[in-house]
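For reference, the structure is listed below as structure tokens.
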Amino acid sequence: MRRSLTFWVVLGLMVPALNSAAGNDEVLPLTLDHAIEIALSENPMIKIADREIERVDYSLRTARNALLPSLNAEGNFSRNFKKQVMYLPDGIFGPGSGGAMEMGFDNSYTAGLTASLPLFSYSIYQNIRLTEHDVALAIESARASRVNMVSEVRKAYFGLLLAADSYRVMSQSMENAEKNLEDVRKMFNQGMVAEYDLIRSEVQVRNLRPSLLQARNGVRMAELMVRVLLGIDEGVVIVTEDDLESYNEGSLLHANSAGLDLTNNPDLRQLNLEINRMHTQFQVIRAQRFPTLAAFGNFQYMTQANDFRFSNYQWANPIMAGIQLQIPVFNGFSIRNQEQQVSIGIEQMQMQMEYMDRNIQMQLQNAYNEMETAFDQIESNREGVRQAERGYVIAQTRYQTGSGTFLELNDAEMALTQAHLNLNQSLYDFLTAESDYRRIIGMDDVANH
């Protein structure tokens, strides 16, 4: 409880001090769950991926609409400046008849409706399947974006906790050094210690200040990364509600029960979908060899006249319907060449799939090994912290009673600081390795991160 409270004080008081006019800024209490939730809802890359799903969904609707009947209306007016002629035999209607005879009127009016319905078209069905693959790819791409975003947020958030814990350790070390300096100064004034001890304690305090400033700058940089991923303005003060230790136990249990399963790996799933899409693309090309059958109908409303007195016109309304069968015969081997091109592309992707699978298996095993190594290191470093704390208490007591030297006390203080830093680093190493592991196996569910 005391550790958690100290952590709150470090971030809750230090971070506002790094921002001007912090008293008027909004405070955002942040946990890992909350950070991931904000990133998945506010990050532009996630929004772009979701919009891509909507876009290809409309493409699928367009492809399916090709199965529906189409109806087109048209109207036409034409002026015959010189009428068409028809040639008749001379004398067909008596002496002087025959030859070239003009036909029709000056004006022609036509309005009509044309309907068509595909009865069988293999290419339409294959185009629909191809678009369905595009939808599946867009969905998987959006999932991959979420997987990568969760991994990036986890690493950035753990980086912020590491920086804050390091700052806390350095602050505690500075506090211990200043307290030792105060004690040594009192003892020096009483003639109990040599001037050398006073000089060493003053130098120790001065040497710690650059490290403390560097740790504070590390918090700033880590916080900036979190702000970028989550889209948080500078006017909002981030206050984390936990530390690295609070994520350790549950994570270790997960590491011991994890399996090396790549079923949900985003890269492999997307490549597999690409291969399936290319198989369908091959069928789309082959569909050009199949005949097509369509029904059609036509209705017209038409007349001709030499004037614009529509009330005196005689209108005709011919109606026509039928079935059209189109059989491809020869196309210059273009379909065959396209099929060969796609077949080679499928072979290339399958080889790429095998290579990627081996590479990702290696990455997954490496991430798991790093978790195991960090797990062992965490336990060792925890014991190191306990021993360093005990050693510091002993060295401080020995020095105050005059049985120990300041050099022993200084070494104990440095060992304690380094032990805490080593523990924090091993915790961070485990959590980042686990983040890589989760990304590789495709864990994108906020509830399972």
Side-chain angles (χ1 to χ4, degrees), residues 1-14 161-216 218-219 242-249 252 373-431:
M1 181 67 183
R2 183 177 179 181
R3 176 186 176 90
S4 178
L5 179 60
T6 303
F7 189 83
W8 263 87
V9 171
V10 169
L11 278 184
L13 297 182
M14 181 195 71
L161 296 186
L162 175 64
D165 272 354
S166 299
Y167 182 83
R168 177 186 58 79
V169 171
M170 295 308 300
S171 297
Q172 184 64 48
S173 180
M174 175 64 77
E175 181 180 337
N176 292 339
E178 290 175 343
K179 183 178 181 302
N180 291 335
L181 174 59
E182 181 181 354
D183 293 341
V184 170
R185 185 177 285 116
K186 291 179 181 179
M187 296 172 68
F188 174 76
N189 292 334
Q190 297 174 3
M192 299 176 60
V193 297
E195 184 181 2
Y196 175 78
D197 289 352
L198 178 61
I199 294 174
R200 284 296 305 268
S201 62
E202 289 178 345
V203 171
Q204 183 183 9
V205 172
R206 294 181 183 276
N207 288 340
L208 283 174
R209 282 203 175 94
S211 299
L212 183 62
L213 294 175
Q214 185 178 3
R216 187 175 68 176
V219 175
D242 43 24
D243 58 10
L244 292 173
E245 282 280 7
S246 61
Y247 289 94
N248 183 34
E249 297 300 334
L252 294 177
T373 302
F375 172 80
D376 295 336
Q377 193 64 43
I378 288 171
E379 295 305 314
S380 175
N381 289 339
R382 278 182 177 153
E383 182 61 27
V385 169
R386 287 191 289 267
Q387 293 178 351
E389 289 175 343
R390 179 60 180 163
Y392 178 72
V393 172
I394 294 174
Q396 194 174 39
T397 303
R398 282 171 52 82
Y399 183 75
Q400 291 174 351
T401 58
S403 59
T405 65
F406 182 78
L407 183 60
E408 293 177 352
L409 179 62
N410 188 31
D411 289 342
E413 165 61 25
M414 293 179 61
L416 178 60
T417 300
Q418 191 62 47
H420 279 295
L421 293 176
N422 289 342
L423 176 58
N424 291 337
Q425 185 64 47
S426 59
L427 289 169
Y428 174 77
D429 290 343
F430 177 85
L431 292 172

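In what follows, residues are counted from 1 in the order of the sequence shown.
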Does CZ belonging to Arg390 count more than 12 external heavy atoms closer than 6.0 Å?
no

For Phe375 against Phe430, the heavy-atom pair lying closest together:
N-CD1, 4.2 Å

For Ser246 against Asp242, the heavy-atom pair lying closest together:
OG-CB, 3.2 Å

Determine the minimum heavy-atom distance between Leu416 and Val385, stating which atoms define it.
CD1-O, 4.3 Å

Taking Glu182 first and then Arg185, would you say they form a salt bridge - that is, a charged N and a carboxylate O separated by under 4.0 Å?
no

What's the separation between atom CZ in Arg216 and atom OG in Ser211, rounded to the nearest 0.5 Å?
13.0 Å

When you compare the side chain of Met170 with that of Leu421, does any pair of heavy atoms fall below 4.5 Å?
yes

Taking all atoms of both residues into account, what is the closest heavy-atom pair of Ser426 and Ala374, and its distance?
O-CB, 3.9 Å

For the OG1 atom of Thr405 and the OH atom of Tyr196, what is their distance to the nearest 0.5 Å?
9.0 Å

Locate the shortest heavy-atom distance separating Leu427 from Ile378; write the atom from each residue and the value.
CD2-CD1, 3.6 Å

Got a donor-acceptor contact below 3.5 angstrom from the Asn422 side chain to the Asn381 backbone?
no

Rounded distance (nearest 0.5 Å) linking atom CD of Gln172 with atom CD of Glu413:
8.0 Å

Run the side-chain contact (heavy atoms from CB on, under 4.5 Å) test on Gln396 and Asn180 for me, step by step, so that the C-alpha distance in whole Å, both residues' side-chain angles and the decisive distance to 0.1 Å come before the verdict.
CA-CA 9 Å; Gln396 194 174 39; Asn180 291 335; 3.6 Å; yes

Should the heavy atoms of other residues, nucleotides or ligands under 6.0 Å from CD of Glu202 be counted, would the total exceed 12?
yes

Leu409 vs Tyr392 side-chain heavy atoms within contact, under 4.5 Å
yes

State, yes or no, whether a side-chain contact exists between Ser201 and Val205 at a heavy-atom distance under 4.5 Å.
no

When you look at Ile394 and Glu408, which way does the side-chain contact (heavy atoms from CB on, under 4.5 Å) test go after all the steps?
CA-CA 10 Å; Ile394 294 174; Glu408 293 177 352; over 6 Å; no

Between Lys186 and Asp183, does at least one N-O distance fall below 4.0 Å, as a salt bridge requires?
no

Under 3.5 Å, is there a donor-acceptor pair between the side chain of Asp411 and the main chain of Met414?
no

Rounded to the nearest 0.5 Å, what separates atom CG in Leu431 from atom CG in Leu161?
8.5 Å

Are Asp429 and Gln377 packed together at the side-chain level, in the sense that at least one heavy-atom pair is separated by less than 4.5 angstrom?
no

Does any part of the side chain of Asp165, heavy atoms only, come nearer than 4.5 Å to the side chain of Glu245, both counted from C-beta?
no

Using atom types as modelled and distance alone, determine if a side-chain donor or acceptor of Ser171 lies under 3.5 Å from a backbone N or O of Tyr167.
yes

Closest heavy-atom pair, Ala419 versus Ala388, reported as atoms and distance to 0.1 Å, is CB-CB, 3.9 Å

Answer yes or no: is there an ion pair linking Arg382 with Glu379, defined by an N-O contact shorter than 4.0 Å?
yes

